[in-house]
Structures are given as structure tokens and as C-alpha cells.
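Worksheet: the structure to be examined is printed underneath.
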Amino acid sequence: MGFLSTFFELLGFGIGLPFGLLIGFFLFVYSKPKDVKDPVVRPFHELDTDAVLDILPDIPLWVKCPDYERVDWLNKFLSDMWPYLDKAICAMIRSTTQPIFAEYIGKYMIDAVEFEQLTLGTLPPTIHGLKVYETNEKDLVMEPAIRWAGNPNIVLVLQLLSLKVRIQLVDLQIFMAPRVALKPLVPTFPCFANIVVSLMERPHVDFGLKILGGDVMSIPGLYRIVQDMIKKQIASLYLWPQTLDIPVLDSSTVIIKKPVGILHVKVVRAKKLLKADILGTSDPYVKLNLTGEKLPAKKTTIKKKNLNPEWNENFKLVVKDPESQALQLQVFDWDKVGGHDRLGMQLVPLKALTARETKEFTLDLLKHTNISDSQDKKRRGQIMLELTYVPFREDSIKFSGPLVGNGGNESGSDRSSSDNVSLSGAGLLSVLVQGAEDVEGNHHTNPYALVLFRGERKKTKMIKRTRDPRWGEEFQFMLDQPPLHELIRIEVMSKRSSFSFRSKESLGHVEIKLDDVVNNGRINQKYHLIDSKNGVIHIVIRWSTV
């Protein structure tokens with residue numbers, strides 16, 4: 001029976017196979033094709049609840065959320081740039097993981113770890129919407145909604161003694177919504193120094209993992225364990241407020257030094273100065289400034305016909321780098337007609353000073369600062385001065401001390417800078433005029449800003465033909481006491497570039513009370529301009545105490 005059943009099975013297979021192929025051929029040739037129906041397209045509002053729920057995850061965010069922008073142009077850019085981005089990102093991954101792999105060589109019987117294949121595939125990520133935030137800081141903040149269903153080919157080889165273990169990552173899917181900040185914005189191309197990335201929520205990560213050719217993610221329970229482990233690890237590293245900082249520019253090229261203290265200078269006297277006038281006298285005065293600064297130099301009064309003048313005048317200079325800056329002193333002979341002759345000069349490095357200690361100097365005046373030049377041995381006299389460097393307090397964000405010290409200005413009427421009582425309330429008021437929006441003149445719109453405080457008048461550059469000027473200019477005021485119960489006035493003006501009887505025009509102004517600045521240390525706000533229809537100005541004010 002066994003032989004007969006096997007014989008009939010072979011016979012039936014031999015006859016049935018050709019017969020079936022023959023019938024299928026005739027059905028394929030002589031049957032009439034059915035008409036292909038177009039898919040049913042229905043408006044969104046006509047779909048029932050189940051249909052909406054099925055397609056809801058695939059609807060881009062710019063459709064569901066009005067604050068997200070549609071960025072098809074950016075997806076086209078990514079698509080065209082992806083082959084080059086793939087190589088750049090893979091090179092970055094190799095350089096980053098190489099020291100990490102090196103730590104495991106020699107441990108756990110691992111002889112070598114390297115990438116056999118590393119490519120992110122041909123499918124770029126897609127941005128389903130982009131939200132941009134407007135801030136008052138020097139940064140640009142945006143939140144893209146990124147989806148990436150890629151086809152990467154990543155093969156990692158582990159050499160375990162004489163056994164090679166290949167681990168392959170396949171079918172990678174990532175859905176995430178990071179916050180990307182470009183900061184700080186700087187006047188050096190590409191105009192931002194760092195890219196700061198943080199995740200606002202846990203990302204969705206899905207992938208397949210093959211080891212020795214088998215998909216280990218199909219093992220029951222392992223998939224969920226690996227998913228939870230990856231999400232926790234990513235969240236601990238990059239979930240807000242944790243960040244990933246990617247430097248773009250060298251910090252040395254974009255560093256913006258802020259004031260760190262005040263140098264109090266008392267120009268006491270000079271003696272045995274050179275005779276510059278025909279009558280055998282000179283009319284000396286002293287100019288002083290800090291190296292590395294573009295601010296105008298400060299000047300003493302002029303002492304007529306005096307080779308041994310006494311000034312006893314006090315000045316305050318803003319210090320940004322006490323390790324590299326120096327005080328430059330220049331003694332000139334004043335002339336009523338023509339240029340003023342320089343009688344001598346000298347430099348005092350600030351690193352020679354001890355913080356909050358007054359130091360007296362008696363300096364020989366030189367023709368120039370090239371000390372190695374022995375051609376000029378002429379004696380040019382001496383200058384005596386007192387210097388006190390007072391750094392800002394680390395806790396100067398808020399004013400908590402009593403109001404001590406008398407008011408004054410930066411002229412020679414200031415009292416001695418070495419007096420500790422008068423230093424306790426001193427500080428620096430910094431006013432940063434960032435820019436303005438929607439300013440418009442009746443006859444012309446070439447805006448510039450004026451900062452008016454305590455009789456001083458400081459001016460930004462003029463920007464022609466714009467309603468949204470960006471100045472980014474900072475002005476500083478040295479004060480002997482906190483400016484409580486005081487106002488600072490900022491005006492936006494327009495000036496015609498050519499001659500006209502209506503050459504200047506006001507575009508609006510604002511008056512800011514400084515009490516909040518003293519109490520909080522800093523304000524950063526936009527103010528609506530008075531006497532302007534829609535004008536807004538962005539001001540940052542800081543108060544730093546010594």
C-alpha cells in the first residue's frame with residue numbers, strides 16, 4: 001500500500017501541475033481586466049471619528065497647530081543635502097565613539113571594536129512643522145517636529161578573542177520634538193556661536209537589532225526593556241533642562257567681555273616736565289585711558305605755565321580684563337593753535353594691582369613705550385598717581401547695602417577714590433540699546449537712539465531707511481551711588497541724510513525708572529514708545545556694584 005500511494009501521488013502531481021498551468025494561462029489571456037477605481041477622496045470634516053483617529057498621527061503639525069510653520073523648503077533642502085550630511089554626521093560619530101570604544105578594549109575579553117559599515121541611508125528626516133520663539137535675549141529659539149523613518153546600515157564588529165560578533169542596526173524610526181537654540185548671536189559669520197539642543201519630551205525610538213544574523217528584538221519582553229532603557233538614557237542626557245552644546249565658533253573669536261570692575265585713578269602731580277614753550281614753560285594736562293578700549297580718553301585740567309603741576313583729580317575707568325589691560329598715561333603741552341605736543345607717557349599694567357588696595361606710583365615719563373630703544377635718553381620728568389582697582393561683587397545682582405557716599409561726576413571735583421566709604425555705593429550702569437520696531441517718521445525714517453542721563457547725552461549710529469533698526473550698542477555710566485528714584489530717557493530720532501530745513505524728527509521716546517534695575521540688578525524689556533503709533537524699543541539695563 002505504501003508503494004501504491006506514493007506512485008499515485010507522483011502521478012497526480014505530474015498531471016495536475018501542467019494542467020493547472022494550462023488553465024491559468026488561458027484565464028490570464030482571455031479574461032477581461034476589471035476597471036481600476038479611483039480612491040475615494042472625502043473632505044476632512046466628513047470623516048467619522050474612527051477615520052480621523054486613523055490618520056491623525058500622519059497629519060503634519062502645521063495643520064493641527066497654527067503656531068507651527070510649514071517648512072517644505074527646509075525639507076527640500078535636507079533632501080538635497082542629505083548625502084553630504086550623511087557623510088559629515090557619520091564622520092562625527094566615528095570620531096566621538098572612538099575614545100569610548102578604546103575604553104572597552106582589554107575588558108570583557110574584547111580585543112577590538114569598530115564600525116564595519118556606517119551610513120544613515122538614503123532617506124532624510126522630515127520636519128512636519130517648525131515653531132519659532134521670540135525672546136529678548138541674544139539668541140534664536142525654535143522647535144522643529146522631526147520624524148525619521150530611515151534605512152541606515154550600521155554594522156558594529158566586536159572581536160571577542162577569536163570570535164567576531166556583528167551587531168547590525170536596521171529599520172530605525174525616530175519621532176522627536178527638540179528645542180534648538182542658536183546662541184549667543186554675534187557679529188561673526190555664521191552669526192551664532194553655539195547650537196544648544198534639548199528635548200522637550202521623551203522621543204519615540206524604534207529599531208531592529210540583529211546579532212549574528214538574528215533579530216534579537218523579536219525575543220519576547222526584550223523589545224520593551226530595550227526601549228525603556230534607551231528612553232531613560234536619552235532623557236537623562238538631553239531632556240530639558242539638560243542640553244547638548246555644539247560649538248560652532250571658537251570662543252576666543254566671539255567672546256564679548258563684560259565689565260568686571262572699576263579702576264579709580266587719582267592723578268596727583270607731575271614734576272620736572274619738559275619745557276615746550278618758547279618762554280621756557282609748558283601748559284601740561286594728562287590724558288588717561290585703558291588699553292583695548294575705544295572709548296574717549298579722560299583728561300585733567302590744564303595747568304598754565306607750570307613744569308611742576310598739581311592736579312589731585314579723580315577718575316573712574318571701566319575694567320574688562322585686569323590681567324591684560326594697562327592704564328595708559330600721556331602728558332601733553334596745550335597749545336592754543338596747532339596740535340598739542342606730547343611731553344611723555346607711561347603704562348601701568350593692572351595685574352600689578354591688588355584688589356581693593358590703594359597703591360601709589362611715581363613713574364618716569366618716557367618718549368614712547370619701547371623701553372629697549374636707547375636713542376632718547378632725555379629726562380622727561382615724573383608723574384605721581386594713586387590707583388585702586390575695585391572688582392564688582394559677585395552678589396551685585398541685587399542692591400542690598402545702604403546708600404553711602406556723596407553724589408558727583410567724573411570730573412576733577414570727585415573725592416579721593418581710595419576712600420573705602422565712598423566706594424561702598426559706587427557702581428556701573430550699563431544701557432544696551434538693542435533695537436526698535438515699527439518706528440516711522442512723517443518725512444524720513446533714518447533712526448538713531450539718544451540716551452540721556454544725568455546731563456550726559458550718548459548716541460547710537462544712524463541706520464538709513466528702515467523701520468526696524470538694530471543697533472546693539474552699549475553705553476556705560478560711572479556712578480558713586482545707586483540711581484534710586486531716577487529716570488533714564490531714551491529717544492528715537494530720525495535725521496535726513498541730505499540738507500533740509502526739517503533735518504531732525506522725533507520718532508518717539510521712553511522714560512525708564514531705575515529702581516527696578518537697582519533692586520533686581522538687570523531688566524530686559526521692550527517698551528512702547530511715547531508719541532509713536534506702533535513703535536517699540538528693546539532696552540537692557542544692568543547695575544553692577546563694587
Side-chain angles (χ1 to χ4, degrees), residues 262-291 293-319 325-350 352-353 358-371 376-390 405-419 422-423 426 454-457 477-480:
I262 298 175
L263 178 66
H264 295 259
V265 182
K266 182 178 182 180
V267 182
V268 182
R269 66 177 66 88
K271 63 181 182 180
K272 298 181 179 179
L273 297 177
L274 288 179
K275 301 174 183 179
D277 294 342
I278 300 177
L279 300 178
T281 60
S282 293
D283 303 325
Y285 69 94
V286 181
K287 291 176 64 175
L288 58 157
N289 64 288
L290 288 176
T291 57
E293 289 288 348
K294 297 181 180 180
L295 298 175
K298 298 181 182 295
K299 300 179 183 179
T300 66
T301 56
I302 301 170
K303 300 297 182 181
K304 296 289 187 69
K305 300 179 181 180
N306 196 335
L307 299 181
N308 299 283
E310 290 195 15
W311 287 285
N312 291 312
E313 297 180 10
N314 295 273
F315 303 90
K316 303 184 187 73
L317 302 174
V318 179
V319 178
Q325 286 185 294
L327 173 65
Q328 179 174 261
L329 299 158
Q330 301 181 84
V331 182
F332 285 89
D333 172 52
W334 179 85
D335 287 325
K336 188 173 183 180
V337 179
H340 301 177
D341 298 325
R342 189 168 70 183
L343 303 178
M345 66 174 302
Q346 189 54 271
L347 289 175
V348 182
L350 299 190
L353 303 177
T358 301
K359 191 172 182 179
E360 298 180 356
F361 291 86
T362 299
L363 305 172
D364 292 328
L365 293 173
L366 307 173
K367 182 179 181 180
H368 42 63
T369 57
N370 186 6
I371 302 177
D376 188 0
K377 293 294 185 179
K378 184 186 297 185
R379 291 185 176 273
R380 296 178 172 273
Q382 293 179 323
I383 186 169
M384 281 71 78
L385 62 151
E386 298 175 1
L387 302 181
T388 308
Y389 170 59
V390 185
N406 298 325
N409 51 36
E410 297 180 7
S411 67
S413 63
D414 293 340
R415 303 308 305 163
S416 173
S417 61
S418 61
D419 188 350
S422 66
L423 295 179
R454 287 190 177 183
E456 290 192 58
R457 180 187 180 95
F477 300 90
M478 302 289 303
L479 307 179
D480 286 335

Atom pair CG/OG of D333 and S282 - distance to nearest 0.5 Å: 4.5 Å

Is there a side chain to side chain contact (heavy atoms under 4.5 Å, CB included) between I383 and L365? Walk through the geometry before answering. CA-CA 7 Å; I383 186 169; L365 293 173; 3.8 Å; yes

Just do the side chain to side chain contact (heavy atoms under 4.5 Å, CB included) check on T301 and W311 with the steps written out, would you? CA-CA 7 Å; T301 56; W311 287 285; 3.7 Å; yes

Output yes when a side-chain donor or acceptor of R454 lies under 3.5 Å from a complementary backbone atom of F477, and no otherwise. no

Is a side-chain N or O of T388 found less than 3.5 angstrom from the main chain of H264, in a donor-acceptor match? no

Go through the structure and list residues passing ring pair (Phe, Tyr, Trp, His ring centres under 6.0 Å) with F361, not counting sequence neighbours. none

How long is the span from the NZ atom in K266 to the CZ atom in R269, to the nearest 0.5 Å? 9.0 Å

With T281, which residues qualify under side-chain hydrogen bond (donor to acceptor under 3.5 Å, both in side chains), at least two apart? none

Do the non-hydrogen side-chain atoms of L273 and P284 ever get within less than 4.5 Å of each other? yes

Counterpart residues, salt bridge (charged side-chain N to carboxylate O under 4.0 Å, His left out), relative to E360 (two or more places apart): none

Determine the minimum heavy-atom distance between L288 and L327, stating which atoms define it. CB-CD1, 4.2 Å

Spacing of L343 atom CG and Q330 atom CD [to the nearest 0.5 Å]: 11.0 Å

If every non-hydrogen atom of N312 is compared with every non-hydrogen atom of N314, which pair is closest and at what distance? O-ND2, 4.1 Å

Which one of V348, L353, V390 satisfies the side chain to side chain contact (heavy atoms under 4.5 Å, CB included) criterion with L263? L353

Using 4.0 Å as the upper bound for N to carboxylate O, is an ion pair formed by D364 and R379? no

Nearest-0.5 Å distance, CD of residue E456 to CE of residue M478: 11.0 Å

Would you mind reporting whether L329 and L347 have side-chain heavy atoms less than 4.5 Å apart? no

Partners of K271 by side-chain contact (heavy atoms from CB on, under 4.5 Å), sequence neighbours excluded? N308, Q382, M384

Tell me, do L317 and K298 make a side-chain contact under 4.5 Å, heavy atoms counted? yes

D283: side-chain hydrogen bond (donor to acceptor under 3.5 Å, both in side chains) partners, not counting sequence neighbours: none

L385 and V265: CA distance, side-chain angles, deciding distance, side chain to side chain contact (heavy atoms under 4.5 Å, CB included) verdict: CA-CA 7 Å; L385 62 151; V265 182; 4.3 Å; yes

What heavy-atom pair brings R380 and R342 nearest, and what distance separates the two atoms? NH1-O, 4.4 Å

Determine, step by step, whether T300 and F315 satisfy the side chain to side chain contact (heavy atoms under 4.5 Å, CB included) criterion, reporting the C-alpha distance in whole Å, the side-chain angles of both residues, the deciding distance to 0.1 Å, and the verdict. CA-CA 9 Å; T300 66; F315 303 90; 3.8 Å; yes

Smallest separation among heavy atoms of N306 and P309, with atom names: OD1-N, 3.4 Å

H340 vs Y285 aromatic rings, parallel, tilted or perpendicular, using cut-offs 30° and 60°? perpendicular

Tell me every residue that passes side-chain hydrogen bond (donor to acceptor under 3.5 Å, both in side chains) with Q325, counting only those two or more places apart in sequence or in another chain. none

With sequence neighbours left out, write down each residue that passes side-chain contact (heavy atoms from CB on, under 4.5 Å) with A297, or none if nothing qualifies. K287, N289

